[in-house]
Participant: 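Provided herewith is a single structure, encoded as structure tokens, for subsequent inquiry.
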There are 2 protein chains.
Amino acid sequence: MDSKRYTDISEILTQYLEKKKMRKTEERFMILRCICSFPSHFDISELSQKLEEIKFHVSLATLYNTLDIFEDSHIVVRHQSIQSTLYELKILAETHQHLICTKCGAIRDLKNVSLKQNIENLKIPRFNAEYYALYIYGICSKCKYKLSRKKQI
Amino acid sequence: MDSKRYTDISEILTQYLEKKKMRKTEERFMILRCICSFPSHFDISELSQKLEEIKFHVSLATLYNTLDIFEDSHIVVRHQSIQSTLYELKILAETHQHLICTKCGAIRDLKNVSLKQNIENLKIPRFNAEYYALYIYGICSKCKYKLSRKKQI
DNA sequence: GTCAGTGCAAACTTTTTGCAACTAC
DNA sequence: GTAGTTGCAAAAAGTTTGCACTGAC
């Protein structure tokens with residue numbers, strides 16, 4: 001687990017909970033610690049599985065509830081994918097754009113710094129932008145390969 | 001209903017079905033005709049409702065199946081929103097730049113031509129880009145106004 | 001001690017599937 | 001005629017909710 005990252009982000013959570021007069025439960029911090037160990041996107045079932053692995057049982061209701069809190073406190077961002085909802089640490093999501101294959105649903109990250117700056121520097125009237133998500137849809141190389149083989153047969 | 005638009009798009013569907021050796025059923029063309037009458041995004045239940053209104057009953061299974069075909073033939077694009085899946089005619093979806101208020105959930109469209117061109121001209125290795133969606137999250141002017149009034153009280 | 005937070009299971013929503021009936025070709 | 005489509009209902013998958021118990025404050 002990335003303990004440096006966890007230390008920084010847990011401070012954000014602490015301040016958020018204090019500001020909202022919510023309780024600092026063991027579950028909330030353990031879930032956050034677990035999320036910090038994911039290198040990229042994850043869904044509820046992967047998170048639940050990882051928590052079971054370290055013998056820390058949390059109910060589904062609590063996971064959903066906690067991720068709503070993390071989303072509201074801008075610790076994670078939510079991506080709606082075809083199968084289920086994916087989450088990602090916001091600090092990771094800020095550095096990239098998403099490539100989504102419309103055949104298999106796989107998500108890849110694209111890092112284009114100038115595009116990132118272009119979007120962040122947009123002047124939008126009557127709107128306070130906080131963060132963004134760019135999804136580029138298409139066919140990944142694996143599926144393209146499969147499709148081209150199908151045609152040959 | 002926009003019959004000019006329907007005439008053009010039904011031609012795309014006809015060619016797609018012939019190419020794939022699939023049947024040109026009444027349902028498929030009536031669903032397309034109905035979709036052409038939506039000015040913007042719609043979901044399955046809105047589409048179903050609109051079809052009932054014109055006394056053309058179609059089962060849910062057929063609607064889902066048909067929209068998969070329309071997506072594959074690039075007639076519609078799919079947006080995963082929090083509540084349910086939204087669809088939109090691809091020709092309407094020229095601007096995929098959405099502003100989403102994190103307080104009230106309102107969606108506004110942003111038209112920034114240079115950003116659009118920037119994204120469309122991206123060179124992405126091992127990925128065939130087809131279309132994109134940019135979601136910028138933040139606070140809309142209405143909610144900002146409400147928040148500022150709250151603080152005064 | 002109090003009430004927000006949690007666990008569990010049931011409920012709910014959206015989407016998919018199996019199968020019989022139908023129809024475009 | 002036949003195989004692709006459709007309708008219907010049941011099933012599956014993901015998420016939310018109700019309620020009793022627990023523990024942070």
Side-chain angles (χ1 to χ4, degrees), chain A residues 10 13-34 41-52 54-73 75-76 78-87 102-105 107, chain B residues 10 13-35 41-52 54-73 76 78-87 105:
Chain A
S10 69
L13 178 59
T14 303
Q15 288 181 13
Y16 175 87
L17 294 175
E18 283 175 358
K19 188 182 157 197
K20 296 263 180 175
K21 300 205 193 321
M22 293 165 82
R23 292 180 183 168
K24 304 183 198 75
T25 65
E26 195 185 355
E27 283 82 1
R28 287 173 178 166
F29 285 89
M30 191 56 95
I31 292 168
L32 179 59
R33 189 184 283 276
C34 192
H41 307 82
F42 60 90
D43 63 19
I44 291 282
S45 79
E46 289 169 330
L47 179 56
S48 174
Q49 218 173 308
K50 202 148 197 168
L51 283 161
E52 292 304 325
I54 60 170
K55 310 282 184 221
F56 191 86
H57 178 78
V58 189
S59 74
L60 272 182
T62 301
L63 281 184
Y64 280 106
N65 178 40
T66 304
L67 279 162
D68 281 350
I69 292 171
F70 288 180
E71 200 191 352
D72 192 56
S73 56
I75 287 171
V76 303
R78 177 200 288 251
H79 304 280
Q80 291 297 135
S81 93
I82 295 164
Q83 295 102 359
S84 69
T85 304
L86 294 177
Y87 300 87
T102 54
K103 289 289 167 203
C104 67
I107 299 185
Chain B
S10 68
L13 179 58
T14 303
Q15 288 182 14
Y16 175 87
L17 294 175
E18 284 175 357
K19 189 181 156 196
K20 296 261 180 179
K21 300 207 192 321
M22 293 165 81
R23 292 184 182 165
K24 303 184 198 73
T25 64
E26 195 185 356
E27 283 82 1
R28 285 172 180 167
F29 285 89
M30 190 56 95
I31 293 168
L32 180 59
R33 189 183 284 276
C34 192
I35 285 175
H41 306 84
F42 60 91
D43 64 18
I44 292 282
S45 79
E46 289 170 329
L47 179 56
S48 175
Q49 219 173 306
K50 202 150 198 167
L51 283 161
E52 292 304 326
I54 59 170
K55 311 282 183 220
F56 190 86
H57 177 78
V58 189
S59 73
L60 271 183
T62 301
L63 281 184
Y64 278 106
N65 178 39
T66 304
L67 279 162
D68 281 350
I69 293 171
F70 288 0
E71 200 191 352
D72 193 55
S73 56
V76 303
R78 178 200 286 251
H79 300 277
Q80 292 297 135
S81 93
I82 295 165
Q83 294 104 3
S84 69
T85 303
L86 295 178
Y87 299 88

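Order of the sequence lines sets the chain letters (A, B, ...), proteins ahead of strands, with each chain counted from 1.
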Participant: Could you state the CZ-P distance from B:F29 to D:dT5, rounded to the nearest angstrom?
Facilitator: 12 Å

Participant: Report the distance from atom NZ of B:K20 to atom P of C:dC25, rounded to the nearest whole Å.
Facilitator: 18 Å

Participant: In plain terms, say whether A:R78 and A:D72 are close enough for a salt bridge, that is, a side-chain N and a carboxylate O under 4.0 Å apart.
Facilitator: no

Participant: Roughly how many Å is it from CG in B:L63 to C1' in C:dT16, rounded to a whole number?
Facilitator: 14 Å

Participant: In whole angstrom, give the distance that lies between atom CG of B:L51 and atom C1' of D:dT6.
Facilitator: 14 Å

Participant: Would you classify A:K21 as touching base, sugar-phosphate or nothing, given that sugar-phosphate means primed atoms plus P, OP1 and OP2, and contacts are heavy atoms under 4.0 Å?
Facilitator: nothing

Participant: Got a donor-acceptor contact below 3.5 angstrom from the B:T62 side chain to the B:V58 backbone?
Facilitator: no

Participant: Taking only N and O in the side chain of A:T62, is any of them less than 4.0 Å away from OP1 or OP2 of C:dG5?
Facilitator: no

Participant: Within the distance-only criterion (no hydrogens, no angle test), does the side chain of B:E18 pair as donor or acceptor with the backbone N or O of B:Q15 below 3.5 angstrom?
Facilitator: no

Participant: Could you give the CD-to-P distance, from B:E26 to C:dA24, as a whole number of Å?
Facilitator: 7 Å

Participant: Could you tell me whether the phosphate oxygens of C:dT14, OP1 or OP2, come under 4.0 Å of any side-chain nitrogen or oxygen in B:T85?
Facilitator: no

Participant: Apply the test side chain to side chain contact (heavy atoms under 4.5 Å, CB included) to residues B:F42 and B:L86: give CA-CA distance (whole Å), side-chain angles for both, the deciding distance (0.1 Å), then the verdict.
Facilitator: CA-CA 5 Å; B:F42 60 91; B:L86 295 178; over 6 Å; no

Participant: Quick one: is C:dT6 close enough that its OP1 or OP2 comes under 4.0 Å of any side-chain N or O from A:T25?
Facilitator: yes

Participant: Separation of A:E71 atom CD from D:dT16 atom C1', in whole Å?
Facilitator: 16 Å

Participant: When you check the phosphate oxygens OP1 and OP2 of C:dC8, does a side-chain N or O of A:H57 lie under 4.0 Å from one of them?
Facilitator: yes

Participant: Take atom CG of A:D68 and atom C1' of C:dG5, then tell me their distance rounded to the nearest Å.
Facilitator: 14 Å

Participant: Below the 4.0 Å mark, does C:dT6 have OP1 or OP2 next to a side-chain nitrogen or oxygen of A:R28?
Facilitator: yes

Participant: Please tell me if A:Y64 has a side-chain N or O lying less than 4.0 Å from either OP1 or OP2 of D:dT15.
Facilitator: yes

Participant: Determine whether a donor-acceptor pair (one donor, one acceptor, N or O, separation below 3.5 Å) exists between the side chain of A:R23 and the base of C:dG5.
Facilitator: no

Participant: Pick the closest DNA chain C nucleotide for B:I44 and for B:M22 by heavy atoms, then say which residue is nearer the 5' end.
Facilitator: B:I44

Participant: Ignoring the backbone of B:S59, work out which of C:dT6, D:dC8, C:dT15 is nearest its side chain.
Facilitator: D:dC8

Participant: Show, in sequence, the C-alpha distance, side-chain angles and deciding distance for B:R28 and B:I69, and conclude whether the side chain to side chain contact (heavy atoms under 4.5 Å, CB included) test is met.
Facilitator: CA-CA 9 Å; B:R28 285 172 180 167; B:I69 293 171; 3.5 Å; yes

Participant: Round to the nearest Å and state the distance from A:Q49 atom CD to D:dG14 atom C1'.
Facilitator: 16 Å

Participant: Would you say C:dG5 has OP1 or OP2 under 4.0 Å from some side-chain N or O of A:N65?
Facilitator: no

